[in-house]
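Working notes for the structure below.
Given the structure is predicted, the values throughout are model-derived calculations rather than measurements. So you know, we letter chains A, B, ... as the sequences are listed, proteins then strands, and number each from 1.
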Protein chains: 2
Amino acid sequence: MRVSAKGENGVRAMTILALEFRAGPIPLREIAAREGLSYQFLEQIFLLLRRAGLITSVRGAKGGYALARPPEEIKVGDVLRVLEGPLAPVECMGEGNSDACGKIAACLTRGIWERLRDRMAEVLDDITLADVINTPADYT
Amino acid sequence: MRVSAKGENGVRAMTILALEFRAGPIPLREIAAREGLSYQFLEQIFLLLRRAGLITSVRGAKGGYALARPPEEIKVGDVLRVLEGPLAPVECMGEGNSDACGKIAACLTRGIWERLRDRMAEVLDDITLADVINTPADYT
DNA sequence: GAAAAGCCGAGTAATTTTATCGGGATTTGG
DNA sequence: CCAAATCCCGATAAAATTACTCGGCTTTTC
């Protein structure tokens, strides 16, 4: 039940882009340095995020990445779906989808995963990047 | 964000034990056959569940496994914690625990994982094995 | 035209998960 | 007592996934 490093670092990097929104494109090396991450690993992550339309890129010197939309309009769930695949706790259950799997107890356990999936989506789609950067220190 | 086969099959097997509660111990081979699972893989799972005190075993001929407590008293969350480790979406955040990880955006993203973790626990600790076996067919 | 940056397919390394093996220890029933 | 059924369990192999690297290309600025 863990989020992968890709997902975790992707959200982290998106948070930086949210903090720097309006500052013009931020080069990847800067983000990598700021978060102590491998430049090349982040590159893989950003490739996916760009192709999914969550960020835009500017090539060449003075280039870099920026959010494609303001932080208020990007949900954490959007980012995680791109990097982790659909928010489904078990394989036979993509979001929206509900295949039976032919096993005896299948129909019995399905309700568990459906409820879990829906709650997870609820939380993650309720938090935008704007919420993340406005988190008060005493949130805990 | 997936539950492992261990977790999924563990819950499935526990569901069978719940259905057969009061029928005396059920041999593992029967459960494996019923769910089309490898006997030896299930054995690993049951070892963990027994050590965690969720099931009891009877050795020898006519032996098998049974729930240690009635289905009403075993939560799906209990089973998953044994098989998947703590219900924590990211490493730096065991249940109850909240270590800082020293990265710049750390404190900002932490709230996401805390909320997610708490909601997941809420769902999984709210469903008992009794609920699972009483699931109406139109649950969806 | 050199330096700064992104683009990207392919490949390797590390880790985790899944599954198997082989032999033991207990219990039942004959 | 013996044979069959069944759990016990450490070790390890196989497979899958995840994390990360490489190398070379393209685009833009100065």
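- We find that NZ of A:Lys6 is positioned 18 Å from P of C:dT15, with the value rounded to whole Å.
- A straight line from CG of B:Asn9 to P of C:dT18 spans 9 Å, rounded to a whole angstrom.
- Counting heavy atoms from C-beta on, the side chains of A:Glu35 and A:Ile16 come closer than 4.5 Å.
- Each end of the helix from C:dG1-D:dC30 to C:dG30-D:dC1 gets its own axis from five base pairs, and the two axes differ in direction by 10°, given to 10 degrees.
- When the P atom of D:dC8 is taken as reference, atom CZ of B:Phe41 falls 18 Å away, rounded to whole Å.
- The side chain of B:Ser38 approaches C:dT20 more closely than any other nucleotide in the set C:dT18, C:dT20, C:dC7.
- Panel note: side chain B:Asp131, backbone B:Thr128; a donor-acceptor pair is recorded below 3.5 Å.
- Salt bridge annotation for A:Arg81-A:Asp125: present, with a cationic side-chain nitrogen under 4.0 angstrom from a carboxylate oxygen.
- When side chains are defined from C-beta on, A:Ser4 counts as touching A:Glu84, because their heavy atoms get closer than 4.5 Å.
- Annotation: side chain of B:Leu129 is not in contact with side chain of B:Ile133 (no heavy-atom distance under 4.5 Å).
- Atoms CD (A:Glu8) and P (D:dC20) sit 11 Å apart, rounded to a whole Å.
- The side chain of B:Ala5 has C:dT18 as its nearest neighbour among D:dC8, D:dA19, C:dT18.
- In this model, no side-chain donor or acceptor of A:Gln44 finds a partner on the base of C:dC8 within 3.5 Å.
- B:Arg51 comes within contact range of the sugar-phosphate backbone alone, with a heavy-atom separation under 4.0 Å but no base atom that close.
- Within the 4.5 Å cutoff, the side chain of A:Leu116 has heavy atoms near those of the B:Met120 side chain.
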Exercise. Given A:Asp126 and B:Arg115, is the salt bridge (charged side-chain N to carboxylate O under 4.0 Å, His left out) satisfied, shown in steps?
Worked result: CA-CA 11 Å; A:Asp126 185 50; B:Arg115 281 174 61 174; 3.1 Å; yes
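- Regarding A:Arg50, its CZ atom lies at a distance of 13 Å from the C1' atom of C:dA5, rounded to whole Å.
- The pair B:Glu20-B:Arg34 counts as a salt bridge, with a side-chain nitrogen and a carboxylate oxygen less than 4.0 angstrom apart.
- Looking at which nucleotide of DNA chain C each of B:Gln40 and B:Glu84 is closest to, the 5′-most match is held by B:Glu84.
- At a threshold of 4.5 Å between non-hydrogen side-chain atoms, the residues B:Lys75 and B:Leu80 do not count as touching.
- Regarding A:Glu91, its CD atom lies at a distance of 11 Å from the P atom of C:dT18, rounded to whole Å.
- Atom CD1 in B:Ile45 sits about 13 Å away from atom P in C:dT17, given to the nearest Å.
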For nucleotides 1-6 of chain D, which of its nitrogen or oxygen atoms have a protein nitrogen or oxygen under 3.5 Å away, and what is each distance?
residue	atom	partner	partner atom	Å
D:dA5	N3	B:Ala61	N	3.3

